[in-house]
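Just below is one structure, and these are the notes that go with it.
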Amino acid sequence: MTTRSTGELHQLMRTTGFTGIDGTKALAEGWQLTDFADAGRRSLANLVQRTQASAVMVSFLDSDVGFIEALTPDGDSWEGLLNRELAESYEIPLEHFPIEPAVAGALAWSAAAGLTPHEEAVRQTLTGSALFAEELSSALLVALGLPGAA
């Protein structure tokens, strides 16, 4: 989960329904990346409401597939899927995760967060394959223009 926060992010995440919270990596300009084990259905929305900052969350299925959810304080959201090729082997319906709306949503999310996204890199990340979905998740953060992401 990645968001911009000046407060104690672990405590905020716990109070908004995230569990199994692990280490946090400080990126730049107040952005932080935190690993977690599970989140409630409204955890992301509750966190964005509490921090008043945009956030993007990727939930992983066996490190093979990543489910992306992103939200802005204004309520704009987008969803996407990482590692589509492997998602097919899990019988995940790819038609529920169309590419073009995800790319458009990612670009709008980045702009709303004050970032400068890289459209082609976003598209490549959402259509690419990797041995581990976490690799694509890291590439997505870079493509979204998150400062200090690598």
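Hydrogens, waters and symmetry mates are skipped; everything else that's a heavy atom, side chains included, is used.
Residues Thr34 and Asp22 have side chains not in contact (no heavy-atom distance under 4.5 Å, counting atoms from C-beta outward). Looking at Leu141 and Leu33, their side chains come closer than 4.5 Å, going by heavy atoms from C-beta outward. Put simply, the side chain of Thr125 does not reach to within 4.5 Å of the side chain of Val142, judged on heavy atoms. Within the 4.5 Å cutoff, the side chain of Met1 has heavy atoms near those of the Met13 side chain.
Tracing side-chain contacts under 4.5 Å through hydrophobic residues (I, L, V, M, F, W, Y), one never reaches Phe67 starting from Phe60; they form parts of separate clusters. Under a hydrophobic-cluster definition in which Ile, Leu, Val, Met, Phe, Trp and Tyr are linked whenever side-chain heavy atoms come within less than 4.5 Å, directly or via other members, Phe36 and Leu44 are assigned to the same cluster. If you chain together hydrophobic residues whose side chains sit under 4.5 Å apart, Val56 and Leu27 fall into the same group. Under a hydrophobic clustering in which Ile, Leu, Val, Met, Phe, Trp and Tyr are joined whenever their side-chain heavy atoms come within less than 4.5 Å, directly or via other members, Leu12 and Ile21 fall into the same cluster. Both Val122 and Val58 are assigned to one and the same hydrophobic cluster, defined by single-linkage of ILVMFWY side chains at heavy-atom distances under 4.5 Å.
A donor-acceptor pair is defined here as one N or O able to donate and one able to accept, closer than 3.5 Å; no such pair exists between the side chain of Glu91 and the backbone of Glu88. Within the 3.5 Å criterion, the main-chain N or O of Leu9 finds no donor-acceptor partner in the side chain of Ser5. Asp76 places no side-chain N or O within 3.5 Å of a backbone atom of Thr72 that could act as its donor or acceptor partner. Looking at Asn83, its side chain does come within 3.5 Å of a backbone N or O of Ala130 through a donor-acceptor pair. Using modelled atom types, no side-chain atom of Ser137 and backbone atom of Ala133 make a donor-acceptor pair closer than 3.5 Å.
Annotation for Ser54 and Trp31: closest pair O-CZ3, 3.8 Å, computed over non-hydrogen atoms. Shortest non-hydrogen contact noted between Ala87 and Leu81 is CB-CD2, 3.7 Å.
Once rounded to the nearest 0.5 Å, the distance linking OG of Ser129 with CG of Leu136 reads 7.5 Å. Atom CZ in Arg4 sits 13.5 Å away from atom CD in Gln52 (nearest 0.5 Å). Atoms CD and CG, on Glu29 and Leu115 in that order, are 8.0 Å from each other to the nearest 0.5 Å. To the nearest 0.5 Å, atom OG1 of residue Thr15 and atom NE2 of residue His10 are 12.5 Å apart. Rounding to the nearest 0.5 angstrom, the gap separating the CD1 atom in Ile92 from the CG atom in Leu86 is 9.5 Å. A distance of 10.5 Å separates OG of Ser59 from CG of Leu82, quoted to the nearest 0.5 Å.
Within a 6.0 Å radius of CZ in Phe132, other residues, nucleotides and ligands contribute 12 heavy atoms or fewer.
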Donor-acceptor pairs under 3.5 Å, side chain of residues 94-114 to any protein atom, not counting sequence neighbours: which ones?
from: Glu100; atom 1: OE1; to: Arg123; atom 2: NH1; distance (Å): 2.9
from: Glu100; atom 1: OE2; to: Arg123; atom 2: NH1; distance (Å): 2.6
from: Trp109; atom 1: NE1; to: Ala55; atom 2: O; distance (Å): 3.3
from: Trp109; atom 1: NE1; to: Leu71; atom 2: O; distance (Å): 3.2
from: Ser110; atom 1: OG; to: Ala106; atom 2: O; distance (Å): 3.2
from: Ser110; atom 1: OG; to: Leu144; atom 2: O; distance (Å): 2.9

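For the residue pair Glu69 / Ser77, no side-chain donor-acceptor distance below 3.5 Å is found, with atom types taken as modelled. Judged by distance alone, the side chains of Thr19 and Arg14 never bring a donor and an acceptor atom under 3.5 Å apart.
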Q | Pair Thr2-Gln32, side-chain hydrogen bond (donor to acceptor under 3.5 Å, both in side chains): steps then yes or no | A | CA-CA 6 Å; Thr2 306; Gln32 299 180 50; over 6 Å; no
